[in-house]
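One structure is given here, and the rest of the page talks about it.
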2 protein chains.
Amino acid sequence: MQLIESIMAIEHKTRTQLVAEVLREKILTGEFKSGSPLRQAALAEELNVSRIPVREALLQLEAEGLVNFEAHKGATVTEVSASQVDEIFDLRALLEAELLRHSLEKLTEDDFQSAEVLLQELEAAMAAGDTQAATGHLNSAFHGKLYSRAERPQTRELVEQFSKNSERYVRMHILLAGGLNTAPEEHRELLKLCRAKQVDAACDYLIRHITGAKEDIKKLLIKMEEQSA
Amino acid sequence: MQLIESIMAIEHKTRTQLVAEVLREKILTGEFKSGSPLRQAALAEELNVSRIPVREALLQLEAEGLVNFEAHKGATVTEVSASQVDEIFDLRALLEAELLRHSLEKLTEDDFQSAEVLLQELEAAMAAGDTQAATGHLNSAFHGKLYSRAERPQTRELVEQFSKNSERYVRMHILLAGGLNTAPEEHRELLKLCRAKQVDAACDYLIRHITGAKEDIKKLLIKMEEQSA
DNA sequence: TAGCGTCCATCTGTATACTGTATAAAAGAT
DNA sequence: ATCTTTTATACAGTATACAGATGGACGCTA
């Protein structure tokens with residue numbers, strides 16, 4: 001019902017795209033838990049569409065790494081092990097440092113100011129206890145601003161992919177570990193280094209920033225794996 | 001061992017997978033040229049399937065970066081500009097060096113020997129003028145062997161993705177520029193550095209190896225862009 | 001002739017219906 | 001009682017059919 005209305009409102013989007021958005025959100029928020037099966041017929045009925053757009057949406061989500069699609073067996077929400085998180089965050093560190101390196105020289109004072117605005121909004125959102133979508137979005141907007149002059153569209157897409165994919169763990173982390181309280185200071189420090197155009201120092205700091213988050217989340221995941229075992 | 005696995009894998013391939021393989025090959029060999037439209041109905045009829053598996057195969061290929069899929073407008077073979085090739089090869093250099101770094105210490109003499117065998121086969125294939133699928137496959141098999149102990153599955157998948165995507169340009173390069181004649185020597189040198197466990201030197205050399213190929217292919221692409229303009 | 005709207009051909013997007021596979025439950029054999 | 005083999009069922013894969021979007025040809029107006 002709601003879906004039909006939103007189709008009316010946003011007519012240029014295909015049903016497949018809409019279904020993909022809904023499912024993506026449900027996976028990222030944890031409403032669909034890791035490992036749980038995604039039945040095409042059930043989803044189709046719930047969203048008032050046929051199975052075709054559901055299938056195509058699931059294929060898209062598989063490409064994004066959020067879903068596993070096994071022939072004749074169906075789709076499940078991807079389960080991510082601690083070692084996989086390890087690798088993903090290492091990749092992020094590597095790629096984001098590369099982006100920053102290519103972007104930093106070209107960043108203008110305007111860029112830094114909008115980054116600062118984003119940072120303030122981020123802190124406000126965190127202070128308001130807004131642990132939901134907003135903080136994750138603002139966080140990647142801040143980072144994205146720093147990379148915005150890199151002129152490396154494919155690398156950015158890759159990084160955004162990985163960020164999205166790890167977002168659900170970041171959220172979990174914030175929720176359960178009450179964590180990332182050091183993040184605001186780290187962001188400010190990073191911004192300061194960028195403003196000073198200290199390329200190597202900024203990249204190193206960024207790598208440590210990402211690696212630090214990795215370690216926190218890994219601990220959390222290992223704890224959870226032990227509990228479920 | 002492999003034989004047993006391949007027997008065990010009496011995998012029932014879906015039509016979607018078969019279609020994807022066919023189309024992928026036709027794109028990589030250049031039978032479908034950059035920018036050309038991929039009509040669902042035509043492909044379906046040609047392959048004796050309905051449009052559904054064709055659509056799903058096209059979606060998969062879009063995720064692999066070989067196809068652009070625009071709503072209501074249809075799919076086209078992706079056109080890759082010189083600047084995109086630039087970025088892709090930079091990414092490859094970055095990621096492959098990372099893989100080699102993680103793999104190198106754990107590589108055994110057995111690994112080096114099979115790498116050497118692959119290298120000989122590669123040279124034989126090139127000497128036989130086999131500019132088709134075989135050389136590309138052997139080339140990535142050789143590189144893959146060097147990364148095989150990295151225990152970084154997602155990074156490897158990414159690299160393989162990029163390799164596949166740039167394969168058609170590599171082939172083009174070999175065909176038109178008569179090129180990559182320096183590659184055999186470079187491969188031998190790389191293998192020597194790996195055997196000597198000179199991590200930094202090997203990684204640096206690998207980066208130069210990839211960057212060198214990039215420059216050659218870029219020149220070729222720029223020339224082609226000028227011709228078509 | 002240039003510009004605009006309408007209509008039509010063509011293609012994509014999606015629903016419905018059918019086919020085939022995997023798996024769990026039931027029946028049979030050892 | 002355990003292990004096969006069979007059967008049933010639920011689900012995914014695919015074909016067919018229909019609905020909707022796009023872009024261009026055509027004629028109309030100024």
Side-chain angles (χ1 to χ4, degrees), chain A residues 1-24 26-27 32-33 35-64 66-79, chain B residues 5-24 26-27 32-33 35-64 66-79:
Chain A
M1 285 299 133
Q2 286 178 328
L3 184 64
I4 290 175
E5 277 181 9
S6 56
I7 286 172
M8 299 300 218
I10 319 166
E11 192 148 16
H12 53 282
K13 281 188 178 172
T14 67
R15 281 161 157 74
T16 296
Q17 289 172 310
L18 291 170
V19 172
E21 282 171 24
V22 171
L23 295 183
R24 189 183 294 116
K26 295 207 177 196
I27 292 172
F32 288 162
K33 286 171 190 167
S36 62
L38 297 167
R39 291 289 136 77
Q40 298 172 8
L43 295 172
E45 191 177 12
E46 187 183 327
L47 301 172
N48 282 314
V49 296
S50 78
R51 275 173 49 217
I52 301 285
V54 172
R55 280 182 66 80
E56 295 191 350
L58 288 173
L59 281 173
Q60 223 173 296
L61 295 177
E62 191 198 25
E64 295 174 21
L66 295 175
V67 155
N68 276 337
F69 211 108
E70 221 169 333
H72 299 286
K73 292 190 177 182
T76 55
V77 180
T78 49
E79 293 191 83
Chain B
E5 271 183 11
S6 59
I7 287 175
M8 299 287 263
I10 314 169
E11 39 187 87
H12 241 135
K13 280 192 178 169
T14 66
R15 282 160 159 68
T16 297
Q17 290 171 310
L18 291 172
V19 172
E21 281 170 24
V22 170
L23 296 183
R24 190 182 296 116
K26 295 206 177 195
I27 292 172
F32 289 162
K33 286 172 189 166
S36 62
L38 297 166
R39 290 291 140 77
Q40 297 172 8
L43 295 172
E45 192 178 12
E46 187 184 326
L47 301 173
N48 281 314
V49 296
S50 77
R51 274 175 50 221
I52 301 286
V54 172
R55 279 182 65 80
E56 296 191 350
L58 288 173
L59 282 173
Q60 223 173 296
L61 295 177
E62 190 198 26
E64 294 174 21
L66 295 176
V67 155
N68 276 338
F69 209 107
E70 221 169 334
H72 299 282
K73 290 190 167 185
T76 55
V77 180
T78 49
E79 295 191 82

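The chains referred to below are lettered A, B, ... by the order of the sequence lines, with proteins before strands, and numbering in each begins at 1.
A 4.5 Å side-chain heavy-atom check between Val77(B) and Lys33(B) finds every atom pair outside the cut-off.
For His12(B) and dT14(D), the NE2 to C1' distance is 13 Å, given to the nearest whole Å. A straight line from CZ of Arg39(B) to P of dT10(C) spans 11 Å, rounded to a whole angstrom.
The neighbour count for Glu45(A) CD, taken as heavy atoms of other residues, nucleotides or ligands under 6.0 Å away, does not exceed 12.
Among Val67(A), Asn68(A), Thr76(A), the single residue meeting the side-chain contact (heavy atoms from CB on, under 4.5 Å) criterion with Leu38(A) is Val67(A).
In plain terms, the two heavy atoms of Gln17(B) and His12(B) that are nearest each other are OE1-O, 4.3 Å.
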Can you pull every protein N or O that's under 3.5 Å from an N or O on nucleotides 13-16 of chain C?
from	atom 1	to	atom 2	distance (Å)
dG13(C)	OP1	His72(B)	N	3.0
dG13(C)	OP2	Arg55(B)	NH1	2.2
dG13(C)	OP2	Arg55(B)	NH2	3.1
dG13(C)	N7	Arg51(B)	NH2	2.8
dG13(C)	O6	Arg51(B)	NH1	3.0
dT14(C)	OP1	Arg15(A)	N	2.4
dT14(C)	OP2	Thr16(A)	OG1	3.0
dA15(C)	OP1	Arg15(A)	NE	3.2
dA15(C)	OP2	Ser50(A)	N	2.6
dA15(C)	OP2	Ser50(A)	OG	2.5

Extract all donor-acceptor atom pairs below 3.5 Å that involve side chains of residues 49-59 of chain A and protein atoms in other chains or at least two apart in sequence.
from	atom 1	to	atom 2	distance (Å)
Ser50(A)	OG	Ile52(A)	N	3.3
Arg51(A)	NE	Gln40(A)	OE1	3.3
Arg51(A)	NH2	Gln40(A)	OE1	3.2
Arg55(A)	NE	Glu56(B)	OE2	2.7
Arg55(A)	NH2	Glu56(B)	OE1	3.0
Arg55(A)	NH2	Glu56(B)	OE2	3.4
Glu56(A)	OE1	Thr16(A)	OG1	3.3
Glu56(A)	OE1	Arg55(B)	NH2	3.0
Glu56(A)	OE2	Arg55(B)	NE	2.7
Glu56(A)	OE2	Arg55(B)	NH2	3.3

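Within the nucleic acid shown, Leu38(B) comes within 4.0 Å of sugar-phosphate atoms alone, with no base atom in reach, counting heavy atoms only.
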